[in-house]
Amino acid sequence: MTDALAPFAASSPSESEPVRPLTALGVAAAVAIVLVGVARGAVTWTHWHAYQVVTGYLDGSAPLADVVAADSLSRTLRWASAAILACAGVVVVGWLWRARRNAESGSLAQHRLGRGWVIGGWICPVVSLWYPHTIVSDVWKTSRPGSLETLNLARVRGSGLVTAWWSLYLLSALVDLWATLGSLRPADAHDLFTASLTDTVAFGIRVLSGGLFLLVIARITAWQKATAAC
């Protein structure tokens with residue numbers, strides 16, 4: 001039982017492990033995040049398209065076939081967006097896993113969460129609200145140039161960039177959930193409009209969050225590249 005939980009225990013530094021190249025994974029993660037944004041933007045567009053078609057159907061300017069086609073297009077793009085998001089998640093977690101291992105090799109500080117939470121922190125209920133932030137924050141702290149004031153990472157100054165990214169990520173998820181619930185059973189065209197508008201707000205927040213995470217990836221990758229070159 002203890003061996004099974006070992007990956008989730010707070011990890012000690014692994015000085016014997018070399019710092020491995022992170023640039024290719026960083027580029028792949030950045031591309032994946034951009035693709036998620038494009039796919040999510042397409043889904044947002046379908047919501048407005050559906051609203052326009054339904055409005056046209058209600059005032060007699062669009063046939064029922066257009067409504068059916070718009071609904072089918074929306075479902076198709078939602079499934080495609082979900083598939084892209086899943087693939088992007090694998091790539092981003094792959095980057096974070098290697099960044100975490102490199103960070104452990106390059107610093108004597110002990111990370112607050114075990115390495116297994118690099119994966120589990122994103123999918124476990126409740127703790128997924130803050131574990132990813134903790135993991136990325138610790139990787140940031142142990143990758144950043146300069147010696148740490150203490151080996152206790154909880155006492156090390158964090159990053160406003162990492163916190164801003166995670167705050168916007170959570171906010172976008174909350175607004176997105178609100179928009180999704182509003183679009184499940186729309187009573188009329190006004191409900192469709194409200195859901196589409198809310199989804200657009202969620203998309204805008206998600207773009208900002210994604211942009212900040214791109215900066216996080218770029219900085220950690222650059223710091224670890226410089227460390228490996230020393």
Side-chain angles (χ1 to χ4, degrees), residues 1-13 25 29 32-33 36-37 39-40 43-44 78-79 81-101 103-104 107 109-143 151-185 195 198-199 201-217 220:
M1 182 67 174
T2 302
D3 292 340
L5 294 177
F8 296 90
S11 60
S12 300
L25 275 175
I33 291 171
V36 168
R40 196 63 189 77
V43 171
T44 299
R78 282 200 302 269
W79 279 108
S81 177
I84 292 172
L85 179 61
C87 293
V90 172
V91 176
V92 170
V93 170
W95 169 85
L96 184 56
W97 181 273
R98 180 170 294 184
R100 165 62 181 267
R101 295 190 65 164
E104 290 175 357
S107 172
Q110 179 173 306
H111 290 246
R112 287 172 285 179
L113 297 172
R115 194 182 292 171
W117 287 114
V118 172
I119 300 173
W122 295 91
I123 58 179
C124 289
V126 183
V127 298
S128 60
L129 295 175
W130 71 89
Y131 269 25
H133 173 267
T134 300
I135 291 165
V136 174
S137 181
D138 283 0
V139 171
W140 176 283
K141 293 174 182 178
T142 49
S143 301
L151 297 183
N152 183 353
L153 290 180
R155 296 182 179 180
V156 177
R157 177 177 57 86
S159 164
L161 178 62
V162 173
T163 299
W165 152 66
W166 188 246
S167 299
L168 288 174
Y169 177 85
L170 292 180
L171 180 59
S172 68
L174 180 62
V175 179
D176 192 43
L177 176 61
W178 183 20
T180 300
L181 293 177
S183 63
L184 289 179
R185 294 181 179 275
T198 306
D199 183 74
V201 172
F203 171 67
I205 299 173
R206 193 175 293 274
V207 167
L208 291 176
S209 173
L212 294 181
F213 195 44
L214 289 176
L215 292 177
V216 171
I217 290 174
I220 291 177

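We use all heavy atoms of the structure for the numbers below, so side chains are in, but hydrogens, waters and symmetry mates are not.
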Are Glu104 and Gln110 side-chain neighbours, meaning at least one heavy-atom pair lies under 4.5 Å?
no
Distance col, row Phe203:CZ vs Leu208:CG, nearest 0.5 angstrom, shows 10.0 Å
Pick one: which of Trp166, Phe213, Trp140 meets side chain to side chain contact (heavy atoms under 4.5 Å, CB included) with Leu161?
Trp140
Look at Arg40 together with Asp199 and state whether they make a salt bridge at an N to O cut-off of under 4.0 Å.
yes
Between NE2 of His133 and OG of Ser128, what distance do you get to the nearest 0.5 Å?
14.0 Å
Roughly how far, to the nearest 0.5 Å, is the CD1 atom of Ile217 from the CH2 atom of Trp165?
8.5 Å
Check: Ser167 side chain, Thr163 main-chain N or O, donor-acceptor pair, under 3.5 Å:
yes
Contact check, side chains of Asp176 and Arg206, non-hydrogen atoms, under 4.5 Å:
yes
Rounded to the nearest 0.5 Å, what separates atom CG in Leu96 from atom CD1 in Ile220?
7.5 Å
So do Tyr169 and Leu212 actually touch side chain to side chain, heavy atoms under 4.5 Å?
no
Going from CG on Leu129 to CG on Leu170, what distance comes out if it is rounded to the nearest 0.5 angstrom?
6.0 Å
Please report the interatomic distance CD1(Ile33) to CH2(Trp95), rounded to the nearest 0.5 Å.
8.5 Å
Minimum side-chain heavy-atom gap Leu113-Val118 below 4.5 Å
no
Is there a side chain to side chain contact (heavy atoms under 4.5 Å, CB included) between Lys141 and Ser159 once you walk through the steps?
CA-CA 8 Å; Lys141 293 174 182 178; Ser159 164; over 6 Å; no
Look at the side chain of Ser143 and the backbone N and O of Val139, then say whether any donor-acceptor pair between them is shorter than 3.5 Å.
yes
Between the side chains of Asp138 and Arg100, is the shortest nitrogen-to-carboxylate-oxygen separation below 4.0 Å, so that they form an ion pair?
no
